[in-house]
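Following: one structure in structure tokens, then a few remarks.
In this chain, numbering begins with 1 at the start of the sequence shown. Below, each value reflects all heavy atoms present in this structure, side chains not excepted, and no hydrogens, waters or symmetry copies.
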Amino acid sequence: MTVVRSKSAQSAPSSGSGATHAASTESSEAPAPLRFPPGFVWGAATAAYQIEGAAAEDGRTPSIWDTFSHTPGRVLNGDTGDIAADHYHRFRDDVGLMSDLNLGAYRFSVSWSRVQPTGRGPAVQRGLDFYRQLVDELLARGITPVATLYHWDLPQELENVGGWTVRDTAERFAEYAGIVGGALGDRVPYFTTLNEPWCSAYLGYGSGVHAPGRTDPQASLKAVHHLNLAHGKAIGVLRSVLPDTAQTSITLNLHQIRPLSESAADLDAARRIDAVGNRVFLGPILDGAYPADLLTDTAHLVDWDELVHDGDLAEISRPIDLLGINYYTPTLVSDGRATGGADLARNDGHGASDYSPWPGSEHVAFHLSPGETTAMRWSVDASGLYDLLMRITREHPELPMMVTENGAAYDDYVSPEGAVNDPQRIEYVHGHLAAVHRALADGADVRGYFLWSLMDNFEWGYGYSKRFGAVYVDFPTQRRIPKRSAHWYAAVARDNVLPGLPEEAGRS
């Protein structure tokens, strides 16, 4: 068959030359308070493997992240998610914390191998019961549950027979979506199919810095298509089991891509990364077609006509109600053949690897923008979030959005007085919320904002060395300490107003 080719072979959006990758365009002066629309959703997000622990309890079997984290050399310090933040046993207290922080919604993910240990067949009711109890506790506290079906923890048994490189995994995911939707759909108004399939495909099967740790560009592209297909099939199943009022979505970590210069080579590098990073998902999901330039760029790696079957694109492009957008930092690129070495030439800040997570774009180099960075060495630039929201607004004005992850890791510590002061995180979130407000004023339909993360957790390949949480977790004791940023965010959520940034909340 012939793959439908879209006309979206345009260059990646560019904001100009050198000035485009300067630090945030938000004003450095303390802005006036900004009021958000009535009903704007204020939340926080987590992921199952990062917080739950209880890795072998109540029928749960290993996921690819259990296997990966237990493989020597894969995760910093040999850390695993075996215990993590022990949320499985402490979820009621954690929901109490959410209530104290005035959260209107909580975005959590469901562990596939806790619900369906082999990735096929009947559910384990003890696993479903955990999520039923979590949802009931949230609702009792007046917090809206937002369920993500997949945040990277594929059952290991499915990986053993090919994982996301084989079509059958998409079928298995649809079956699993039906199980979870049937169990929780009467109480959960929002369902997200996949979180950041870019990471699942390219970091898991391309650069190998995430589970399952493969380094095969062809496999990563096959994984992309099967993840897209899994999303579409799951939407179809969810629509058959959920109430008409339920809203379905997918969450993408869209990249705000900027060329290092306006040279033709750097502009083409940005186009390539936009194709393999953004339009490879946006094209089939929202337009029913893979972009023509992507197919050309990667034709030497995969036979798209063989990979994409008749009916796949119609399946993938089933309508969704919302688009989730995760954003942390912009992506600054150049043609590495012209610029030589670069700060992040191989890993784009996602972990060291000799293999590229950008198939067909291995010559593209990645650079740190000048200015402030987080503990992840990610540039702080809120204008990138505004640009992304406005891009979707221009290209798909009918599609509502939520910012489903945004936040920053810093080197947090407990003071002698027992407090955790994190003024840099307050400044980071303030700047990004101001960018969301600006996008709203300019016509973007943004329905909510979810802080990443509710609490410190297992940060994938970085183990417990990076802290994104609003709540500090002392992992040896599992003590929770709301950081200064948590109290600040609680006031924003309570008042639906972003205050002017206090002088004392700036950098220390």
Side-chain angles (χ1 to χ4, degrees), residues 45-50 63-65 107-113 115-116 119 146-155 158-159 163-181 184 188 190-206 210-212 220-239 242 246-255 276-286 290 312-313 315-327 357 399 401-405 450 452 460:
T46 64
Y49 189 72
Q50 292 183 274
S63 73
I64 55 175
W65 266 100
R107 178 176 176 255
F108 63 95
S109 79
V110 177
S111 168
W112 190 347
S113 61
V115 168
Q116 201 182 25
V146 179
T148 297
L149 294 175
Y150 186 74
H151 200 131
W152 311 348
D153 45 357
L154 185 73
L158 290 184
E159 175 60 26
W164 288 113
T165 69
V166 299
R167 289 181 65 89
D168 186 62
T169 302
E171 301 289 349
R172 303 283 67 74
F173 182 72
E175 179 184 66
Y176 157 69
I179 290 172
V180 178
L184 303 180
V188 175
Y190 298 98
F191 277 85
T192 300
T193 54
L194 307 173
N195 179 80
E196 299 186 354
W198 182 92
C199 294
S200 299
Y202 296 132
L203 301 184
Y205 294 87
H210 278 194
S220 70
L221 290 168
K222 289 181 177 179
V224 162
H225 179 64
H226 296 141
L227 284 155
N228 282 337
L229 185 60
H231 157 75
K233 286 180 175 293
I235 291 293
V237 172
L238 287 172
R239 277 284 158 236
L242 295 180
Q247 299 197 54
T248 60
S249 67
I250 186 171
T251 282
L252 303 176
N253 56 320
L254 296 177
H255 306 264
V276 79
N278 295 331
R279 289 182 285 120
V280 71
F281 301 108
L282 293 173
I285 292 170
L286 300 183
Y290 283 104
D312 282 3
L313 291 167
E315 192 98 63
I316 293 168
S317 59
R318 289 178 183 272
I320 56 175
D321 301 297
L322 286 166
L323 177 65
I325 294 178
N326 293 355
Y327 172 85
L399 183 61
M401 295 170 282
M402 282 195 181
V403 177
T404 38
E405 285 184 26
F450 289 77
W452 184 269
W460 308 114

[atom1] of [X] to [atom2] of [Y]: how many Å apart, nearest 0.5 Å?
X      : Y      : atom1 : atom2 : result
Leu149 : Thr192 : CG    : OG1   : 8.0 Å
Leu158 : Arg172 : CG    : CZ    : 8.0 Å
Leu227 : Leu194 : CG    : CG    : 6.0 Å
His255 : Asn278 : NE2   : CG    : 5.5 Å
Thr404 : Arg107 : OG1   : CZ    : 4.5 Å
His151 : Thr251 : NE2   : OG1   : 9.5 Å

_Polar contact flag, side-chain donor to acceptor under 3.5 angstrom, Ser63-Ser113_ =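 Checked: Ser63/Ser113 side chains show no N/O donor-acceptor pair below 3.5 Å.
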*What's the verdict on side-chain hydrogen bond (donor to acceptor under 3.5 Å, both in side chains) for Thr248 and Asp321, showing C-alpha distance, side-chain angles and the deciding distance?*
CA-CA 5 Å; Thr248 60; Asp321 301 297; 3.2 Å; yes
Atom of [X], atom of [Y] and distance for their closest heavy-atom approach:
X      : Y      : answer
Ala201 : Val224 : CB-CG2, 3.5 Å
Ala223 : Tyr205 : CB-CD1, 3.9 Å
Met402 : Leu322 : CE-CD1, 4.3 Å
Val237 : Gly178 : CG1-CA, 3.4 Å
Ser200 : Trp152 : OG-CD1, 3.2 Å
Ser109 : Ala48  : OG-N, 2.7 Å

If you define the side chain from C-beta out and look only at heavy atoms, does anything of [X] sit under 4.5 Å from [Y]?
X      : Y      : result
Val115 : Ile179 : yes
Leu252 : Leu282 : yes
Trp460 : Gln50  : yes
Leu286 : Ile320 : yes
Ile285 : Leu323 : no
Thr169 : His226 : no
Ser249 : Phe191 : no
Tyr49  : Ser111 : no

_Pair Phe281-Asn228, side-chain contact (heavy atoms from CB on, under 4.5 Å): steps then yes or no_ = CA-CA 7 Å; Phe281 301 108; Asn228 282 337; 3.2 Å; yes
_Given Asn326, Asn253, Thr148, the one that forms side-chain hydrogen bond (donor to acceptor under 3.5 Å, both in side chains) with Asn195_ =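 For Asn195, the side-chain hydrogen bond (donor to acceptor under 3.5 Å, both in side chains) test succeeds with only one of Asn326, Asn253, Thr148, which is Asn326.
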Please state whether the rings of [X] and [Y] are parallel, tilted or perpendicular, taking 30° and 60° as the class boundaries.
X      : Y      : result
His210 : Trp65  : perpendicular
Trp198 : Tyr202 : perpendicular
Trp164 : Tyr150 : perpendicular

*List the steps and the verdict of side-chain contact (heavy atoms from CB on, under 4.5 Å) for Val280 and Val276.*
CA-CA 5 Å; Val280 71; Val276 79; 5.5 Å; no
*Before giving the answer on side-chain contact (heavy atoms from CB on, under 4.5 Å), spell out for Val110 and Tyr176 the whole-Å C-alpha distance, their side-chain angles and the decisive distance to 0.1 Å.*
CA-CA 10 Å; Val110 177; Tyr176 157 69; 3.3 Å; yes
*Would you check, one step at a time, whether the test side-chain hydrogen bond (donor to acceptor under 3.5 Å, both in side chains) holds for His225 with Tyr290?*
CA-CA 10 Å; His225 179 64; Tyr290 283 104; 2.8 Å; yes
*Begin from the C-alpha positions of Val403 and Phe450 and carry the test side-chain contact (heavy atoms from CB on, under 4.5 Å) through to its verdict.*
CA-CA 6 Å; Val403 177; Phe450 289 77; over 6 Å; no
*Do Arg167 and Asp312 sit within salt-bridge range, that is, some charged N less than 4.0 Å from a carboxylate O?*
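Asp312 and Arg167: salt-bridged.
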